[in-house]
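Just so it is clear, the values below take in all heavy atoms, side chains as well, and ignore hydrogens, waters and symmetry mates.
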Amino acid sequence: MKQLVIFDLDGTLINSIADLGAAANFALTQCGFPTHPITSYPKFVGSGVSKLLERVLPESSRTPEQIEVMRGYFKEYYGEHMTDATEPYPGIPELLEQLTERGIAVAVASNKYQKAVEELVNHYFPNIPWAAVEGQKEGIPVKPDPSIVFEILGKRPTPKAEVLYVGDSGIDMDTARRACVESAGVTWGFRSITELRDHYADHIVDSPTALLRLAL
């Protein structure tokens, strides 16, 4: 049985793509750029807000200065609307409850900025006793750098053989591999099964129930 399960947030615990896309489109509109259909956003997200905004901008406008202006508009909108259309994936609240009832610690490791991660986790999973909730912080590299996993292990010391890292993208699978922990790729998120396989997921799961069996 695993002693700690670390979850990615967006695309793993919550389906947040509509609100992320709306916030990015708001920033684009405010800066006079064309927007993208929400259906395009799964391929843009996953590496933090700054990288998301770089990807949605026209190539000729991807300067650090423009991204910083866009980031301000994005956070302004997202702070007000991050729960408009976002919801947990079916079975996720029950999975978290079942893990914690069995004494398995749970944590979040996200590339989204820390304040938003904390607000979303507190909003959607207020009764879960999280071992750690880690988002993007100044001076700490984003995933797939494994630093965020090491931060969690610093707060909840656990042998790596007893850790399972769960995510929906190749970035998550790379993060787990670089941290030397077991990985599980979920098929209900933003990225394809092919991407999970190409990034050497140790396991690929189709449901929270299957994930629970893997952790036990």
Side-chain angles (χ1 to χ4, degrees), residues 4-24 27 41-42 44-56 67-68 70-89 92-93 96 99-100 105-156 158 163-176 178-179 181 183-184 186 189-191:
L4 171 65
V5 181
I6 301 173
F7 291 92
D8 171 51
L9 181 61
D10 300 277
T12 302
L13 295 178
I14 58 173
N15 185 352
S16 54
I17 203 69
D19 290 329
L20 288 168
Y41 274 90
F44 294 141
V45 300
S47 302
V49 171
S50 293
K51 197 67 177 180
L52 162 63
L53 298 175
E54 177 186 326
R55 289 167 177 162
V56 300
I67 292 168
E68 191 58 30
M70 290 272 290
R71 187 178 173 89
Y73 285 122
F74 177 96
K75 292 178 72 173
E76 173 192 338
Y77 184 94
Y78 196 65
E80 296 281 333
H81 298 279
M82 68 173 71
T83 61
D84 283 3
T86 294
E87 58 185 4
Y89 286 102
I92 288 296
L96 295 172
L99 289 171
T100 56
V106 293
V108 170
S110 175
N111 275 343
K112 181 177 284 175
Y113 58 97
Q114 182 71 28
K115 185 174 186 292
V117 172
E118 291 175 354
E119 290 182 7
L120 287 164
V121 168
N122 289 335
H123 180 83
Y124 290 106
F125 312 108
N127 298 319
I128 299 300
W130 297 97
V133 174
E134 301 296 324
Q136 185 270 324
K137 300 174 186 173
E138 192 70 30
I140 298 177
V142 298
K143 300 182 294 185
D145 186 283
S147 295
I148 195 168
V149 174
F150 300 149
E151 282 224 342
I152 291 169
L153 293 178
K155 294 181 177 180
R156 181 75 178 216
T158 308
V163 176
L164 180 65
Y165 183 102
V166 182
D168 71 306
S169 70
I171 288 172
D172 291 308
M173 302 305 100
D174 291 347
T175 303
R178 293 180 185 189
V181 299
S183 65
V186 304
F190 302 155
R191 302 303 177 93

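For Ser50 against Ile67, the heavy-atom pair with the smallest separation is O-CG2, 3.8 Å.
Here Ile128 contributes atom CD1 and Phe7 contributes atom CZ; the two are 9.5 Å apart, rounded to the nearest 0.5 Å. The distance from the CD1 atom of Ile148 to the CD1 atom of Ile6 is 9.0 Å, given to the nearest 0.5 Å. Taken from CD in Glu80 to NZ in Lys75, the straight-line distance is 13.5 Å, to the nearest 0.5 Å. Between Ile171 atom CD1 and Asp8 atom CG the span is 9.0 Å, to the nearest 0.5 Å. How far CG of Leu52 is from CZ of Phe44: 8.0 Å, rounded to the nearest 0.5 Å.
Here Thr86 pairs with Ile14, Ser16, Asp19, Tyr124 under the side-chain contact (heavy atoms from CB on, under 4.5 Å) rule; sequence neighbours left out.
Of the listed residues (Asn111, Asp174, Asp172), just one forms a side-chain hydrogen bond (donor to acceptor under 3.5 Å, both in side chains) with Lys143, and that residue is Asp172.
Within 6.0 Å of NZ in Lys137 there are more than 12 heavy atoms belonging to other residues, nucleotides or ligands. Heavy-atom neighbours of Glu76 CD from other residues, nucleotides or ligands within 6.0 Å: above the threshold of 12.
In this structure, Arg191 contributes its side chain and Pro42 its backbone to a donor-acceptor pair below 3.5 Å.
Between the side chains of Lys115 and Tyr78, not a single donor N or O lies within less than 3.5 Å of an accepting N or O.
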